[in-house]
Amino acid sequence: MDEQNSIYSGIQGEPSGSFRKSIKLRWIVIFLMVPIVGVLYAVDREISIVNIFILISAACVLNFFYGAVERMKKPDPGIIMSGAGFLDVVLISFIVYFTGGILSPLYPLYFLLLIGGSFNNEIKEKYAVYSGFIIFSYVFVYFAGNGWSFMGVQMGEFAVKTMFMGVFAFIIKKSANEIKKSIMESRIQAVEKAHLHKELMESNANLEKKIKSATSNLEKTNLLLIKKNISLLAAHEIYKTADETKTKGELFTRVLDIIIPLMKASGGFFMDVNETGAKVVVETVKIFSGAEKIQEGVSFIIEKESLLKDIIVNKKAVWVEETAGSGEMIFEKTIVNGSVIAVPVVSAGRTNSILVIYNKNPYVYSKTDCELLELLGEQVGALLHNRILYDEMSAKAIGLERLMKVMTNTTTSLAREVIISNLLTESLKRLFPGASGVVMITDEKGQLVIRGAQGYKNESLEGRKIPKDSIAGFVFMKNRNMMMSIN
């Protein structure tokens, strides 16, 4: 509403705009007055030519002053414009007086003033006063020219001209009001149309933005669905062949056989990540073309500020558009030049491996390819986790089976020495092949004593007492397991 009110308030135009036009009109009248007065003087030598040119010069000075006010906007142009109309009446009255008075041929200048005043926005509220002042000025001209007497030979002409001037002022004001009203309505309609057009343009622009945004979101959604479908198809192929693989290496080889053609890659490889995430080892390589420097078993130290470190820690895929000059040492040493996508293979919440797919040409892969391979990496991670769980359960099942056989063979006799001997023999034979071992039990005083030993050739350990401050004594006293590795 405020915006529309401001639009309507600006339709009539600024006072300075009307003032500028009135200044131009005054210059036109002044320039036309010079030759007209010259002609009048040539016809009638009795007119006061000097006084007339003094008045024209005064009009020029005033018009220069009006121009300065209009440019500086000080004082208020509206006030000056209103006062200028009355000064124009005074100047015209003196010019009419000096060019013949009631009989002056410049009498029509009064009608020009009435027309100008009727369209002057600054005089519109004072038009009755303004037109009355014009008629009063004409009366002044009559009295001054008639010897300050009311009656005279020119009385009839004066009365007719004065009455005609009053009727003309009334008619021109009504006509001007209708014209200004029509102009105002047309301007309002034009402004409303322009405002409506602006609103429509803004609405169309907003609608276009929304359509573009919706289209972009739809394209992204479709692209995501396509990538998910591709990853599911690839995962289906991987899962279908996973049961045929017996080792982790065979599983990774099958994965590379499926993913490399899908990604139009020159090759790919898996890198195993150690438990601290500080070192990787190339464990499975599949090369179709180029990049002959990649070899299985090669290890690399992970730098703290590197892409591989970000992959391991943040578990997010990355892609390198050009490995040459990328600053990633591992890629520069193995792939030399080309584009790379590397994704984490996460199992049980930890990055166990990194899958790397490369093309020997730079700027081949994009973010979309990276997201697709990341989805496949998640499937490989789940499959690897299942494989690890399966291997662990298989190992536990085999261990339980062996333990059952040990228990079965051990309990064939009730003699303690025989049970100890059989337990040690069967355990070393079935659970820990090639290892040595002893069995320690406590005597009547609570002292640990070796009662069975196997795998030791040079020394007989039977009957040896073990102090409680030894490692075996610590295990016995704390009732805890302990595993040690001695290099």
Side-chain angles (χ1 to χ4, degrees), residues 18 22 25-59 62-63 81-181:
S18 301
S22 68
L25 182 60
R26 284 186 181 88
W27 283 122
I28 294 173
V29 173
I30 290 170
F31 288 138
L32 290 176
M33 286 289 294
V34 174
I36 292 174
V37 170
V39 172
L40 292 176
Y41 183 72
V43 175
D44 185 4
R45 296 282 182 171
E46 294 183 0
I47 65 173
S48 303
I49 188 69
V50 175
N51 293 331
I52 293 173
F53 276 106
I54 290 174
L55 292 172
I56 292 175
S57 300
L62 285 174
N63 221 30
M81 189 176 178
S82 178
F86 290 92
L87 286 176
D88 292 340
V89 175
V90 174
L91 289 172
I92 293 297
S93 297
F94 276 107
I95 291 174
V96 170
Y97 174 76
F98 288 122
T99 55
I102 297 299
L103 302 176
S104 173
L106 298 181
Y107 165 73
L109 289 176
Y110 283 114
F111 297 97
L112 182 63
L113 291 173
L114 289 171
I115 294 172
S118 65
F119 287 96
N120 192 327
N121 291 328
E122 299 300 322
I123 300 179
K124 61 182 180 179
E125 301 296 337
K126 309 170 186 175
Y127 185 74
V129 176
Y130 180 70
S131 58
F133 184 71
I134 293 175
I135 294 173
F136 172 79
S137 299
Y138 187 64
V139 172
F140 170 80
V141 170
Y142 169 74
F143 274 105
N146 200 38
W148 303 104
S149 175
F150 184 73
M151 303 301 292
V153 294
Q154 299 174 346
M155 177 62 184
E157 185 176 354
F158 163 71
V160 172
K161 287 184 176 180
T162 304
M163 186 179 300
F164 181 72
M165 193 182 300
V167 173
F168 182 83
F170 177 77
I171 294 174
I172 195 63
K173 180 58 178 176
K174 289 292 184 182
S175 301
N177 288 340
E178 292 297 326
I179 293 172
K180 289 195 289 185
K181 182 179 179 182

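Along the sequence shown, the residues carry numbers beginning at 1. None of these values were measured; they are calculated from a predicted model.
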When rounded to the nearest 0.5 angstrom, what distance separates [atom1] in [X] from [atom2] in [Y]?
X	Y	atom1	atom2	result
Y97	L55	OH	CG	12.0 Å
L32	W27	CG	CH2	13.0 Å
F133	F140	CZ	CZ	10.0 Å
F168	Y110	CZ	OH	14.5 Å

Verify the neighbour count for atom OH of Y138: are there more than 12 heavy atoms of other residues, nucleotides or ligands below 6.0 Å?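 Yes, OH of Y138 has more than 12 neighbouring heavy atoms, counting only those of other groups under 6.0 Å.
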Least distance between heavy atoms, L106 atom then V96 atom: O-CG2, 3.8 Å
Closest approach of V141 and S93, non-hydrogen atoms and distance?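 Smallest interatomic distance, heavy atoms only, reads CG2-O, 3.5 Å.
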Could you give me the CA-CA distance, side-chain angles and deciding distance for F164 and F111, then say whether ring pair (Phe, Tyr, Trp, His ring centres under 6.0 Å) is met? CA-CA 10 Å; F164 181 72; F111 297 97; 5.4 Å; yes
As a test of understanding, state which of L109, I135, I171, I134 forms a side chain to side chain contact (heavy atoms under 4.5 Å, CB included) with L114. I134
Could you please spell out the steps behind the side-chain contact (heavy atoms from CB on, under 4.5 Å) verdict for L91 and L62? CA-CA 11 Å; L91 289 172; L62 285 174; 3.9 Å; yes
